[in-house]
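Bear in mind that the values here come from a model prediction, so they are computed numbers and not experimental data. The figures here come from the full heavy-atom set of this structure, side chains too, leaving out hydrogens, waters and symmetry mates. Chain letters run A, B, ... following the sequence lines, proteins first and then strands; every chain starts at 1.
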Amino acid sequence: MNYKETIQLPHTDFPMRANLPEKESEILQDWARIQVYKCIQESRKDSEPYIFHDGPPYANGHIHMGTAFNRILKDIIVKYKTMAGYKVPFIPGWDCHGMPIEREVIKELREKGQNLSNEELRESCKKFAQKFVGIQKEEFTRLGVFGEWDNPYITMDPEYEAKVIDIFRVLVENGYVYRDKRPVHWCTSCKTALAEAELEYKEIGSPSIYVKFKTQNPKVSIFIWTTTPWTLPANVAVALNPKLRYDFVKVGSETLIIASDLKDAVLEKLGIKDYEIEKSVAGEELEGMTYKHPLFDKECKVILSTFVSKESGTGCVHIAPGHGYEDYQVGLLYKLPVISPVDESGCFTDEVSEFKGKYVFDADKHIIEALKKKGTLVHNEEFSHSYPHCWRCKNPLIFRATPQWFLRIDHKNLRERCVNEIENVHWIPRWSKERILHNILDRPDWCLSRQRRWGIPIPVLYCKGCGAPVLDTKVIEQARDIIKKEGSIGWFTHPVKDFIKDSCRECGNKEFVKEKDIFDVWFDSGASWTVIKSQGLFPADLYCEGVDHHRGWFQHSFLLSMTNEEKSCFKSVLTHGLILDKEMKKMSKSLGNVISPMSIIEKQGADILRLYFSALDYTCDVPFDPDGLESAVTAYRRIRNTFKFLLGNLYDFETKLPYDKLLELDRLILHRLALLIKKVKQGYENFEFYKVYHSIYNYCTLDLSKFYLDILKDRLYTYGKNSPGRRSAQTVLHETLLALVKLVAPIIPFTAEEVWQHITLNSQPSTHNSQSVHLELLPFANPEWIDEKLAKDYELIEAVRDDVLLALESARNKKLIGNTLEAKVTLWTEDKDTRDFLQQKLPNLPNIFIVSQVNIDKVPEMSHLKKVDAFVDKAEGKRCERCWIWSKDVGLSSEYPTLCSKCVRVLKEDNYER
RNA sequence: GGGCCUGUAGCUCAGGUGGUUAGAGCGCACGGCUGAUAACCGUGAGGCGGAUGGUUCGAGUCCAUCCAGGCCCA
């Protein structure tokens, strides 16, 4: 007889091979069919809400690894919080305005030779953004991310734009907004400002001049170096580095002040060999020293700044806040005037009568000439360096101060209030608080205006008569209402009279022009909390983005919330590091190290990528390593096979046994399961998903596969189908399965769902009948399962088991045994308590060691090192053909001569027809 | 140059308040099983703890400096 027919081998349709790319698509269809997100919201409609506000990704391309990572983290949180019983509405957003899209669109149109009007350009940008919102929506869905995909917030939607305008209205009402000059990159041929990303750097030759700025004592000069002589008319200060030393170098009858570290290089260039050093002082001692302006009759001061470098020049930097960003920054600290006597085509205005009308680059030689006349020019040569050019017309750019709109950070103690409010926010990880704090403390006023076209217009007007700006809430409200109906294009299409009825307060003129500038995109996205506010869900419980957002979205959202709501828009902020390549280098097209998340998903599946990400401690930057992805595949297989084994052995499970009827080993596993549940929940709660991953994975591998399940096979397969031993095991397998599938669901939602579907099909006694595992609550760590005494007993048993395994391995190497069931194990210890303990557990030990016999007796070789010695010998008796265990009672039954008495009894008492 | 962060086996992670030979899993090598089978089980080899100084009887764990890498700013 073939006794294989008489044992209960695992049986399940759950496939070993996942074939995730295909399976995940099927599950996505299932989810769409049952509208899983809606079902979840419906089932939680009376639950406590957890508001997780989504930071909008930029809609200008396919998602990259970083976006995928961010989305997956957020989704794990959404799914966890949902399963923890909260109502978690998740409204995804997209950031649609801004330079990158505008630039891309202009590039495309230029290639087609088209030159579009403002309206047409904006329409093209809108279509461009819409296209990628659609693409990204699909890609995010494919990752298994749940959310209101039908109802996202989009920063170019009219309603959203109106909200942004309204934020601005409140700022104006409260006096935060002012207008001032600030230097920007300016193209004199296109007559337009350019953004950082529009610059192209090229090598060009510039004049390199060394100039004496005479101090009160005409014999003593501060010695400066510049490559832009035309900026000298706008000079207002000289900056020294407070930490550098400065030498007073006497050359003939004159003295030059030069940084010690640069002195040799400078003097060599000038061919000066005879000199003496009169004295040497620290830069900070020279603060406030006055000097005579190089061209005009006025006095200026020496200031200090750490940006002054000792790498080039003289260590004395000519400062023109109207023509350089660093100059501007340091100028703000010293309250220096921003002088920029250059018009939009790059010609000097009548502020500098001497050079009026001259194009700045042409003016260089005239200025050099003027310096020569004054006798302050020391050296002039051609100098080749990298210089920014316009990406459109390829001409060199200048820095030019232009009027901009600002938000005053210190108005109404805003900065101070922010610093205080930071304390009331939970920053995860902790250092993230330090970072935002420094960013807020150090930041200059927020420049709100951009000289671009694709964005939300700044709703202010200018009087045609006197040029005075009209910053009026009535105008803004009017703009808001029109924009709410027609989108921000309304600002450009409506005539001015639709926005204002009054006449100019300054001059009485009745004609106005509209502002052309648009808002900084951080103003757009920083206003996004209005989306949750309008649904009565303010403030958010959580914001979660990459570290770079301490200067980006976190900060700008926070600022606007503090100005408009007087409190933070988030209760806690979770920061993650960035995804780098295997070598910890940034992924970039130029390095050719970019890996697309979608390529991984197509080949291996979203669950693999999700599992991989979950294993990383993302509080710092993390590498994306394709080899690491392979270990995620391995881990996935282990988890999957664990599920397959659990499902396979529950196909006929009907009756749960009560806890007190369970066998000892089974109760032990419930004890450990309770601990696992606690640990995993704690991991999720702290957003430490790598702890979740490691706990679950180790549980599957160590507690289940290598220990419990291996031991259980005998009981599951060979015991009577309805025997208490088998039902006890199944009861625990069932608990384990239900717990595991839920614990794992936030991380690998597709596989969990697949398992869930098989539970529904195969094991009736489960109490669930919900359509998706994601509707379930996380398992409960039943305190009844905790049994410390049992856990302690098994610590010892497992330690003995380790010794037994070593002895078995050694016997195997001696070819004494192959399968461990061929072994008889003899244990001995001199410790009587331990011996008594083992004696008491003896009936269970063969099973736990997966050997045929265990006895306690003196062993031939005593090690005296181990607490318990294990000795392996060939098992006694014969091998039972059914359960493969060796025993002396094989052959006692005439009916079943090749079976042991246990199997004989099983065959006689149980019915094996399937 | 400034602010913040990171650096334990090839990889992902453990290592309360400093204390005996630094732990897991994966990977690797070797072996077993053939009733989880493109699965499962066992054994083994891998770490000068980024570097150097210091505090201490004693440091991966505390301090300083440096090196490497990242983000943001300049």
Side-chain angles (χ1 to χ4, degrees), chain A residues 3-12 14 16-17 241 243-244 305-311 325-326 329-330 429-439 441-444 546-552 555 575 577-580 582-586 611-612 614-617 619-623 625-635 637-638 640-649 688 690-691 693-695 697-702 705-707 709-714 716-718 802 804-813 815 817-822 850 882-884:
Chain A
Y3 290 110
K4 189 165 175 173
E5 298 301 317
T6 72
I7 61 175
Q8 302 89 26
L9 288 177
H11 176 74
T12 175
F14 185 78
M16 174 149 75
R17 302 255 295 155
N241 189 323
K243 287 178 188 160
L244 290 182
S305 176
T306 49
F307 88 78
V308 174
S309 103
K310 56 178 181 184
E311 305 307 318
Y325 193 70
E326 284 170 337
Q329 293 265 308
V330 63
R430 267 189 303 252
W431 53 257
S432 140
K433 185 169 100 180
E434 286 302 307
R435 188 155 178 168
I436 192 91
L437 194 64
H438 278 96
N439 278 326
L441 283 172
D442 296 344
R443 71 154 301 146
V547 269
D548 45 335
H549 284 287
H550 286 97
R551 189 160 284 273
Q555 191 191 145
T575 314
L578 281 85
I579 300 288
L580 308 172
K582 194 181 168 181
E583 315 293 334
M584 293 301 269
K585 297 266 180 288
K586 204 173 172 175
L611 191 64
Y612 173 74
S614 77
L616 304 174
D617 177 358
T619 50
C620 53
D621 295 335
V622 287
D625 179 3
D627 294 339
L629 200 70
E630 279 312 305
S631 30
V633 171
T634 310
R637 276 201 214 111
R638 168 72 79 176
R640 188 177 178 87
N641 274 313
T642 303
F643 279 123
K644 184 173 192 284
F645 187 88
L646 295 174
L647 286 167
N649 286 291
E688 293 166 330
Y690 60 96
K691 289 190 179 170
Y693 167 91
H694 279 281
S695 311
Y697 188 35
N698 277 341
Y699 189 78
C700 288
T701 303
L702 297 174
S705 192
K706 284 188 198 308
F707 183 66
L709 301 184
D710 209 24
I711 293 168
L712 224 49
K713 285 172 195 167
D714 178 58
L716 288 166
Y717 300 170
T718 74
D802 287 339
V804 170
L805 288 175
L806 280 173
L808 287 169
E809 176 68 13
S810 143
R812 203 164 19 228
N813 289 337
K815 305 284 178 203
I817 58 163
N819 187 322
T820 55
L821 287 174
E822 291 165 34
I850 318 183
R882 183 170 174 277
C883 72
W884 298 353

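Residues K644(A) and L647(A) are not in side-chain contact: their nearest non-hydrogen atoms beyond the backbone lie 4.5 Å or more apart. Proximity of L580(A) to V622(A): side-chain heavy atoms (C-beta onward) are nowhere separated by under 4.5 Å.
Across all strands shown, G818(A) has heavy atoms under 4.0 Å from sugar-phosphate atoms exclusively, and none from any base. L616(A) comes within 4.0 angstrom of the backbone, heavy atoms only, and of no base. Within 4.0 Å (heavy atoms only), A635(A) reaches no atom of the nucleic acid at all. Within 4.0 Å of N649(A), counting heavy atoms only, lies no atom of the nucleic acid at all. Note on H438(A): only backbone sugar-phosphate atoms sit closer than 4.0 angstrom, heavy atoms only; bases stay farther off. Among the heavy atoms of the strands lying under 4.0 Å from P623(A) are primed sugar atoms or P, OP1, OP2 only; no base atom is included. Looking at heavy-atom distances under 4.0 Å, F645(A) makes contact with a base. Looking at heavy-atom distances under 4.0 Å, K713(A) makes contact with a base. Residue Y612(A) is classed as having no contact, given no heavy-atom separation below 4.0 Å to the nucleic acid. L702(A) comes within contact range of the sugar-phosphate backbone alone, with a heavy-atom separation under 4.0 Å but no base atom that close.
Comparing C26(B), G35(B), A74(B) by their closest approach to the side chain of Q329(A) singles out A74(B). When distances are taken from the side chain of S631(A) to each of C4(B), G35(B), C26(B), the shortest belongs to C26(B). Among C26(B), G35(B), A14(B), the nucleotide with an atom closest to any side-chain atom of T718(A) is G35(B). The E809(A) side chain lies nearest to U43(B) when the options are A74(B), C26(B), U43(B). For R812(A), the side-chain atoms get nearest to G42(B) when compared with the rest of C71(B), G42(B), G25(B).
By the 6.0 Å and 45° rule, R882(A) does not stack over the aromatic ring of Y717(A).
Nucleotides A68(B) and A51(B) place their P atoms 15 Å apart, quoted to the nearest Å.
In this structure, A39(B) makes no Watson-Crick or G-U wobble pair, since no nucleotide meets both defining distances under 3.5 angstrom. Within the shown strands, nothing qualifies as a pairing partner of A14(B) under the Watson-Crick or G-U definition with both distances less than 3.5 Å.
Note that OH of Y697(A) is 8.0 Å distant from OG of S631(A), once rounded to the nearest 0.5 Å. Separation of atoms CE (M584(A)) and SG (C620(A)) is listed at 6.5 Å; rounding is to 0.5 Å.
Between K585(A) and Y3(A), the residue anchored closer to the 5' end of RNA chain B is Y3(A), taking for each the nucleotide with the nearest heavy atom. In terms of position on RNA chain B, the residue among T634(A) and Y717(A) whose nearest nucleotide sits closer to the 5' end is T634(A).
For C13(B), the OP1/OP2 oxygens have no side-chain nitrogen or oxygen of K691(A) closer than 4.0 Å. For K4(A), a side-chain nitrogen or oxygen approaches OP1 or OP2 of G35(B) to under 4.0 Å. Between A14(B) and Y690(A), a contact under 4.0 Å exists linking OP1 or OP2 to a side-chain N or O.
One interatomic measurement links the two molecules: CG of N641(A) to C1' of U37(B), which rounds to 10 Å at whole-angstrom precision. Atom P of nucleotide G35(B) and atom CE of M16(A) are separated by 14 Å, given to the nearest angstrom. In this structure, K644(A) places its NZ atom 12 Å from C1' of A38(B), rounding to the nearest Å. Going from atom CZ of R638(A) over to atom P of A39(B) covers 10 Å, rounded to whole Å. Summarising the geometry, the separation between CZ on R551(A) and P on C5(B) is reported as 16 Å, rounded to the nearest angstrom. Here the P atom of nucleotide G27(B) and the CG atom of D627(A) are 13 Å apart, to the nearest Å. The CG-C1' distance, from D442(A) to C4(B), rounds to 11 Å in whole Å. Between the C1' atom of C41(B) and the CG atom of L712(A) lies a distance of 15 Å, rounded to the nearest Å.
Taking all atoms of both residues into account, the shortest heavy-atom contact from M16(A) to R640(A) is O-NE, 3.2 Å.
Between the base of C71(B) and the side chain of R435(A) there is a donor-acceptor pair shorter than 3.5 Å. For A36(B), its base sits under 3.5 Å from the side chain of S705(A) at one donor and acceptor pair at least.
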CA sep, side-chain torsions, deciding dist, call: D710(A), K713(A), salt bridge (Lys or Arg N to Asp or Glu O under 4.0 Å): CA-CA 6 Å; D710(A) 209 24; K713(A) 285 172 195 167; 3.1 Å; yes
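In this structure, G46(B) shows a glycosidic angle within 90 degrees of zero, which is the syn conformation.
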